[in-house]
2 protein chains.
Amino acid sequence: MKWDELKTEPCSVARTLSVIGEKWTILILRECFRKNTRFDGFEAALGLPRAVLSARLKTLQEDGVLEKKINPEHAGRFDYILTKKGRDLRPVLLTMLAWGDQYMMDKPTMIVKHTLCGCDIVPELYCPKCQNKLEAEETRVVEVTQSSPL
Amino acid sequence: MKWDELKTEPCSVARTLSVIGEKWTILILRECFRKNTRFDGFEAALGLPRAVLSARLKTLQEDGVLEKKINPEHAGRFDYILTKKGRDLRPVLLTMLAWGDQYMMDKPTMIVKHTLCGCDIVPELYCPKCQNKLEAEETRVVEVTQSSPL
DNA sequence: ATATTTAAGTTCAAAAAATGAACTTGTCAA
DNA sequence: TTGACAAGTTCATTTTTTGAACTTAAATAT
């Protein structure tokens, strides 16, 4: 497989990477989730070259993850806003956050709150039936089409 | 920030990317989860250049995600095995799988089974208190140290 | 015992991508 | 109407990736 054929691979992980797998992309999305929505905001927060930022914002729009909107009180200034498809990437970033918090930080840095009930959330997967937290070994991916299991 | 300073950023997402954010890395891990554990197995499954594969396997070992083990019944052949730290990346891949299944596939390709109770799992985040599935908007990350919220 | 194949790499030149600085264009504010 | 700022583009340099050929060691076949 070639890297630029990811989008047509028979694997959902590969196809997701075709959208968020380029250098800097996930960090740009992190800024969007933080409501940092402008070109120079991304640049200031991340320090990436403008040409790369420009290219990433373009493909994220093409992939339907971000929408470019004219800033209401300032034409010639733009906001890059997450679409539903983009907001639905939040679990990906939250699981990365949880893993990084556990393994890459001296001490935990984050608490995730559920805004409906106010409780603390461990961004882990739970079994909807028995309610147990899923350990790494306790899930099995079953193939339903031609795609390879995980 | 420079890309190679990710590891010291005050953000768990950034630090996680320092481990899994390079080109091909997540796909190599996907193969490990599929029990494809050998150098030429990675090469055959992914078609990436050997030099890149070699470099990625080295850093994954340095980061404690993979262990290189001599194949018991075949010296001079090696298995790259996920450590606990590596297996704990499974939720990251599962959330990517779920997103890709929803947005990048013609029809769903995967069912995730809980091996303890046998039920189907939607790899989404659930609230441990009210048991509701968390929608994108319903979580809030609260800062506990100097790190920026998500 | 020797030759061949296979696995797991390394090396290196060419191509592609990222980087950083300078330049452009369109608003807004003084 | 001048100056500053936001949002880019352009382009030369550096870094990374790629793909092919080469290396080394162990297993297998002759």
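Chain letters run A, B, ... following the sequence lines, proteins first and then strands; every chain starts at 1. Everything quoted here is computed from the prediction, not taken from an experiment.
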Whichever of A/G76 and A/W24 has its nearest DNA chain C nucleotide further upstream toward 5': A/W24
Hydrophobic cluster identity match, A/L93 and B/M1, side-chain contacts under 4.5 Å: yes
Euclidean distance, atom CH2 of residue A/W3 to atom C1' of D/dT18 [Å, nearest integer]: 14 Å
Shortest side-chain distance from B/V52, nucleotide among C/dA8, C/dC28, D/dT17: D/dT17
A/R50 side-chain proximity, nearest of C/dA22, D/dA27, C/dT19: C/dA22
Rounded interatomic separation in angstrom, taking CD from A/E43 and P from D/dC5: 14 Å
Shortest side-chain distance from A/R56, nucleotide among C/dG9, D/dT10, C/dA18: C/dA18
Selection from C/dC28, D/dA7, D/dT18 that lies nearest to any side-chain heavy atom of A/F39: D/dA7
Whole-Å gap separating C1' (C/dT27) and CD1 (A/I70): 12 Å
Residue whose closest nucleotide on DNA chain D lies nearer the 5' end, A/H74 versus A/S54: A/H74
Residue that, paired with A/D63, satisfies salt bridge (Lys or Arg N to Asp or Glu O under 4.0 Å) out of A/K85, A/R15, A/K7: A/K7
Interatomic distance where NZ belongs to B/K23 and P belongs to D/dT15 [whole Å]: 18 Å
Separation of D/dA6 C1' from A/E73 CD (nearest whole Å): 15 Å
Nearest-neighbour nucleotide for the B/R38 side chain, D/dA7, C/dA8, D/dG19 considered: C/dA8
Carboxylate-amine/guanidinium contact B/K2 B/D4, below 4.0 Å: no
Atom pair distance, as rounded to whole Å: CG in A/L57 and P in D/dG8: 7 Å
Sugar-phosphate only, base, or nothing, as touched by A/K2 at under 4.0 Å among non-hydrogen atoms: sugar-phosphate
Length of the line joining B/Q61:CD and C/dA8:P, which is rounded to integer Å: 13 Å
Crowding at NZ, A/K58 (>12 non-hydrogen neighbours, <6.0 Å): no
Ring geometry between B/Y80 and B/F42 (parallel below 30°, tilted from 30 to 60°, perpendicular above 60°): tilted
Base of D/dA27 paired with side chain of B/R77 (donor-acceptor, under 3.5 Å): no
Selected nucleotide, minimal atom distance to A/D40 side chain, candidates C/dA18, C/dA7, D/dA6: D/dA6
DNA chain D: 5'-proximal contact among B/G47 and A/K68 (nearest heavy atom): A/K68
Length of the CD1-P vector between B/I28 and C/dG9, whole Å: 12 Å
Side-chain N,O (B/Y80) to OP1/OP2 (C/dA7) below 4.0 Å: no
